[in-house]
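Presented below is the structure to which this report refers.
Residue numbers begin at 1 in each chain, while the letters A, B, ... track the order of the sequences. Small disclaimer: the values here were computed from a predicted structure and weren't measured.
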Protein chains: 2
Amino acid sequence: MRIGELASQAGVSVRSLRYYEERGLLSSTRSASGQRRYTDDEVERVRFIQRLYAAGLSSRTIAELLPCVDSPSERNDDEGFERLTQERERIDRHIEELCETREALDRLIDANRAHRAQLAGGSPA
Amino acid sequence: MRIGELASQAGVSVRSLRYYEERGLLSSTRSASGQRRYTDDEVERVRFIQRLYAAGLSSRTIAELLPCVDSPSERNDDEGFERLTQERERIDRHIEELCETREALDRLIDANRAHRAQLAGGSPA
DNA sequence: CTAGAACCTGACATTGACGTCAGAGGCAAG
DNA sequence: CTTGCCTCTGACGTCAATGTCAGGTTCTAG
């Protein structure tokens, strides 16, 4: 499949795919004329990359742990494995923090709702 | 308290505090000579702003919902309240996604650990 | 009074993941 | 063979939060 097809299937821009390749996150074979060709598997790979971006990882970090994804057995890639566990912990802490923030917002929402209800009740219609 | 003091208490840079003021997230009184003065309350406010930044809100969005924080009763600020609930939902979805990503990483970690254990067992010492 | 720290404004620099444009070539349909 | 869409490389633009620097004022300690 060509780059436009992969882009639409994975839901990213063509620009992003070229950027991923530049950053070493994605590889492609080239046709005789130099156009990138991808296998169906790459769709999932791109979605996974997107997922990692959404979790706050940088392209550099993603590049470091992808070998661990591609060949968990090849050689025991200590660097990648370290990164993998580090990022797992980071995400864990981030979730914790987000939950606290969500609670703070919930309290604010409740407080505001109470005041609004009061106003509505105080001067109806 | 002056800006340097607030910065160190809240754990942010002086530059950031000036930026927050510029963006309407923080206000200050000025001394006769024009230096910013803050009350103790501002420490908590700055920490809360940081929390919102960490949750992925932009300064613009934060500015839109802060009125709702400052005066939940004043006038029923529909704009701010809307923003508040929107961001609450966004954070909720983000947490969901992060949890899924964490699970994906856990599976990867397990797979890698298994392979590493195998290697260790297969050729010991 | 004076040195040095802290403050002021204003402006330019940075970083990352892209968007966008230019100029050129590739490919399927008519 | 042409039309039109897709692709290529390379380069510059963007945006947001913040770093950093310059040139000047203010405050504090001795």
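- Checking A/Ile3 against B/Tyr19, the closest nucleotide of DNA chain D that is more toward the 5' end is the one next to A/Ile3.
- The side chain of B/Ser33 sits closest to D/dT26 out of C/dG16, D/dC8, D/dT26.
- Residue contacts for A/Arg18: at a heavy-atom cut-off of 4.0 Å it reaches a base atom on one of the strands shown.
- For the pair A/Glu5 CD and D/dC5 P, the interatomic distance rounds to 17 Å; values are reported in whole Å.
- Under the ring pair (Phe, Tyr, Trp, His ring centres under 6.0 Å) criterion, B/Tyr53 pairs with B/Tyr20, not counting sequence neighbours.
- With hydrogens and angles left out, the side-chain atoms of A/Glu21 and A/Ser28 include a donor and acceptor closer than 3.5 Å.
- The nearest whole Å value for the distance from the CZ atom in B/Arg2 to the P atom in D/dT25 is 17 Å.
- Panel note: side chain A/Arg45, backbone A/Leu25; a donor-acceptor pair is recorded below 3.5 Å.
- Across all strands shown, A/Arg30 has heavy atoms under 4.0 Å from sugar-phosphate atoms exclusively, and none from any base.
- Of the candidate nucleotides D/dT7, D/dT9, D/dC27, D/dT7 has the atom lying nearest to any side-chain atom of A/Val14.
- Per the geometry, CD belonging to A/Glu22 stands 10 Å off P belonging to D/dG10, to the nearest Å.
- Contact between the side-chain N/O atoms of B/Arg36 and the OP1/OP2 oxygens of C/dC8 is found at a separation under 4.0 Å.
- At whole-Å resolution of the value, CZ in B/Arg60 and P in D/dA16 are 9 Å apart.
- Under the 3.5 Å distance criterion, the side-chain polar atoms of A/Asn112 are matched with a main-chain donor or acceptor of A/Leu108.
- As rounded to whole Å, 9 Å separates atom C1' of C/dC7 from atom CZ of B/Arg37.
- Listed candidates were D/dC12, C/dC7, C/dA11. Nearest to the side chain of A/Arg15 is D/dC12.
- For D/dT18, the OP1/OP2 oxygens have a side-chain nitrogen or oxygen of B/Ser16 closer than 4.0 Å.
- For residues 44-59 of chain A, proximity to DNA chain C is found at A/Tyr53, A/Ser58, A/Ser59, defined as any non-hydrogen atom under 4.0 angstrom from a strand atom.
- Residues A/Arg51 and B/Thr101 have side chains that bring a donor and an acceptor to within less than 3.5 angstrom of each other.
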Requested in this report: Evaluate the criterion side-chain contact (heavy atoms from CB on, under 4.5 Å) for residue pair B/Ile109 and A/Phe81; output intermediate values, then yes/no.
Outcome: CA-CA 7 Å; B/Ile109 289 171; A/Phe81 189 69; 4.1 Å; yes

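- Looking at the side chain of A/Ser13, the nearest of the listed nucleotides D/dC27, C/dC18, C/dA11 is C/dC18.
- Taking only side-chain nitrogens and oxygens, A/Tyr20 never comes nearer than 4.0 Å to OP1 or OP2 of C/dA17.
- Taking every side-chain heavy atom of A/Gln35 into account, D/dC8 is the closest of C/dC8, D/dC8, C/dC18.
- Between the side chains of B/Gln35 and B/Arg30, no donor N or O sits under 3.5 Å from an acceptor N or O.
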